[in-house]
Amino acid sequence: MSSDDTPPGGPPEQLALIRETVRRAKPRTWHGAHLAEELPVARVVVDKGLLHLDQFFDYAVPVAMAETAQPGVRVRVRFGARVSAAGRREGGELHDGFIVARLASSDFRGPLAPLAQVLSPERVLTPALLKLSRTIADRYAGTLADVLQLAVPPRHAKAEAEPSPPPQPPPAAPPAGSWQRYPQGPEFLAALTAGHPPRAVWTALPGPSWPQEIALAVAATLAGGRGALVVLPDGRAVARVDAALTELLGGPERHAVLTADLGPKERYRNWLAVSRGSVRAVLGTRATVFAPVHDLGLLVVWSDGDSSHSDPRAPHPHVREIALLRAAEEGAAVLLGGLAMTVEGAQLLRTGWARPLAADRAVVRETAPRVRTVGEADQARDAAAQAARLPSVAWQAAREALRSGPVLVQVPRRGYVPRLACGRCRTPARCAHCAGPLEAVGAGEALQCAWCGIAAADWHCVECGSFRLRAQVVGARRTAEELGKAFPGIPVRTSGRDAVLAGVSAEPALVISTPGAEPVAEGSGYAAALLLDGWALLSRPDLRSGEETLRLWLAAAALVRPAAEGGLVVVVAEPTARPVQALVRWDPAGHADLELAERAQLGFPPVSRMAAVTGSPGAVADLLGLARLPEGADLLGPVPLPPVRGQEQERALLRVRPGQGGALAAALKAAQIARVALRGAEPVKVRIDPTDIG
DNA sequence: AGCACGCCGACT
DNA sequence: GTCGGCGTGCTC
């Protein structure tokens, strides 16, 4: 079968031509197996997340697999085999992969190995999903195989054997309902039903109706004959929208839910219902953004500032970025919503890519609770309240509110360890050169920038001029628990990391919760909320601390009754701080806009694009030396990081202009590949859009 | 990444 | 003569 491999003589060009002709006539394999008559070559993406193997490989299609080996199916292939002296293929591990195309011939110069097995005839990798995954891999300097692992759930044979339910006819277009509170709301729904792709950044009104509004947008899209997809940050939020959608659509038949806690079988069954077109609407947590909804008309991302939208697995893509890229590729509408607004959301509005979907100020004021601020200096007289370090205003507000309903107390989690801040006004201390966060090095309290490493000998606060610094320490949880003693006879419930409550009754109770774990209160909501130790949130060493703090506050405050019904929020934090001001005015959009302007001025993301390079000092320097960075790329650092398993670690940040993010990712990926080719290179981590750069 | 081929020094 | 050093290159 391979005796024609070395034709005698002839000029090289002609030789190449002969080879070409021979191979095109019929692909050769190592075993001379019988091949498929039609399209005997399968192009395969092999599920091996190695950067330098991020390419397709061609395999021969044995005749027995001619029908099942269709584009999109899962296959097993031998990969990495060697050719022995006797001319036999030897070794080669079996790897999973997907067929991406069937071809008449291969451009590979050599004999093709046959597909080992078609795992299932189910065509799970659609052309659209493949294209999207490639885009995401490139965006994040990762491999296609890594992204596919996030995008396509593991197969479950039993779930696959079951037939999916028959598709339902589209529902009738829903009435605008509570979307009428937004001037552009009904128009937005009408555009979805008409099959248009409107794009909106939605500032949701406080209160319990946002799940219904998401459900209405989904139903409007379904009514127009297109599909819809909703990504939410956690299972609790999914459950709320699931309930709203089930009610609105008169049953659970028209939508599918994808969350991790369903278990592999149920999850795969639901995913297949979407993939097979049985169901046109899907909601779930972050992986849902990849769900292969047929004729996708709408992508909804709720609370895009929530960190669970950032995937912890390589290459760490963010749901919002995936959704925006997918909407562009598939001509779908976008609804990027939340009680808060991210800087990225503000940027989409600023550039005109999306339009705002927000209620008028008067409606906001009617819906939101009253917000009072109180500095830490204000101390309660009551001994128990003092033990809980509860300011008197907060103490009085709680006592008053407990007469009419439950009171929510938000306490920052332990483990928020902020860096240095001004001792007087608590403005975070930043580097004069690159605006990175300052940190104390050693006991001598020498200051240096955590990003660029430049010493800050003569620091003073840019806000108030103070020279005094304060190392922030948090020890708040126990303080909150003291509240139980401060209010004898009142039941105390807690909700936090390990035990999150979904809801509480409308009876008076103290509900102590860490941010993000707040239970919903039945009836009209909490009578009051106390947001304690705000400084601990505000001074976290993160570029997004302000935005994040406001998001956490708004999420808690949105569970409180409207001001007209007596709802009151007391926030214990520096009253002049920007997020505090934004909370008082209930103006998340204004806050995001200010943050955006500041980021632009400082050259921070998302106005610039960044990548972090982490590893041993030698390896980081090595990679940076190899990388052919785009014109005008800034290098910040490298700076030392805490050692990992006794090994010194450094991190460098790279910054480029917007529009050069793709070039930056490509340059870093190429440098990584070049380093792998060198022997014994220590690993370096590359992360695009690093999240923890404060 | 693995894994084998390849071309130069000290052993049976 | 041959065992083995790890430099170099490939994986359909």
Side-chain angles (χ1 to χ4, degrees), chain A residues 1-2 4-5 16 19-20 22-36 39-63 65-66 69-119 125 130 134 137 141-146 148-149 313-315 615-616 619 622-623 626 668-686:
Chain A
M1 201 72 184
S2 54
D4 53 288
D5 201 15
R19 289 180 163 219
E20 198 76 359
V22 167
R23 198 176 46 258
R24 280 190 194 288
K26 197 168 199 180
R28 293 161 296 127
T29 73
W30 287 99
H31 301 294
H34 292 292
L35 301 185
L39 306 176
V41 175
R43 188 152 283 175
V44 173
V45 49
V46 180
D47 188 4
K48 210 162 188 277
L50 299 175
L51 227 40
H52 51 293
L53 295 181
D54 193 14
Q55 52 181 293
F56 298 137
F57 292 89
D58 289 349
Y59 285 80
V61 180
V63 68
M65 302 178 198
Q70 294 303 318
V73 305
R74 290 181 220 256
V75 289
R76 313 254 294 153
V77 293
R78 293 218 171 262
F79 190 74
R82 298 268 98 197
V83 181
S84 72
R88 301 280 307 172
R89 277 180 80 80
E90 285 172 358
E93 301 277 304
L94 275 174
H95 282 278
D96 287 349
F98 299 94
I99 296 181
V100 297
R102 281 283 293 271
L103 306 165
S105 66
S106 170
D107 49 17
F108 177 62
R109 321 204 126 266
L112 301 183
L115 295 173
Q117 190 188 354
V118 173
L119 282 170
L125 181 58
L130 175 65
R134 180 74 263 164
T143 65
L144 178 61
D146 277 345
L148 289 177
Q149 221 149 61
R313 291 183 289 167
S616 75
D622 196 24
L623 184 99
L626 280 168
L668 290 172
K669 187 172 169 182
Q672 286 271 57
I673 291 169
R675 262 174 56 76
V676 168
L678 304 172
R679 58 165 187 81
E682 295 172 273
V684 176
K685 279 191 200 140
V686 167

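Here is how names work: the chains are called A, B, and so on, in the same order as the sequence lines, proteins then strands, and each is numbered from 1.
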When the distance from CZ of Phe57(A) to P of dC10(C) is rounded to whole Å, what number comes out? 12 Å

Between dT11(C) (P) and Phe56(A) (CZ): distance, integer Å: 17 Å

Between the side chain of Arg102(A) and the main-chain N/O of Ala66(A), is any donor-acceptor distance below 3.5 Å? yes

Over how many whole Å does the gap from Arg78(A) atom CZ to dT11(C) atom C1' extend? 14 Å

Could you pull out the closest heavy-atom pair between Leu35(A) and Ala60(A), with the gap in Å? CD2-CB, 3.8 Å

Nucleotide dG9(C), atom C1' - distance to CD of Gln55(A) in whole Å: 13 Å

Exam field: side chain Lys669(A) to backbone Gly142(A), donor-acceptor pair closer than 3.5 Å: yes

Can you check the Leu50(A) CG to dC10(C) P distance for me, whole Å? 17 Å

Evaluate Ile99(A) against Tyr59(A) for side chain to side chain contact (heavy atoms under 4.5 Å, CB included), listing each step before the verdict. CA-CA 9 Å; Ile99(A) 296 181; Tyr59(A) 285 80; over 6 Å; no

Whole-Å distance between dG9(C) C1' and His52(A) NE2? 11 Å

Interatomic distance, Ile673(A) CD1 vs dT8(C) P [rounded to whole Å]: 19 Å

Rounded to the Å, how far apart are Ile99(A) CD1 and dC12(C) P? 16 Å

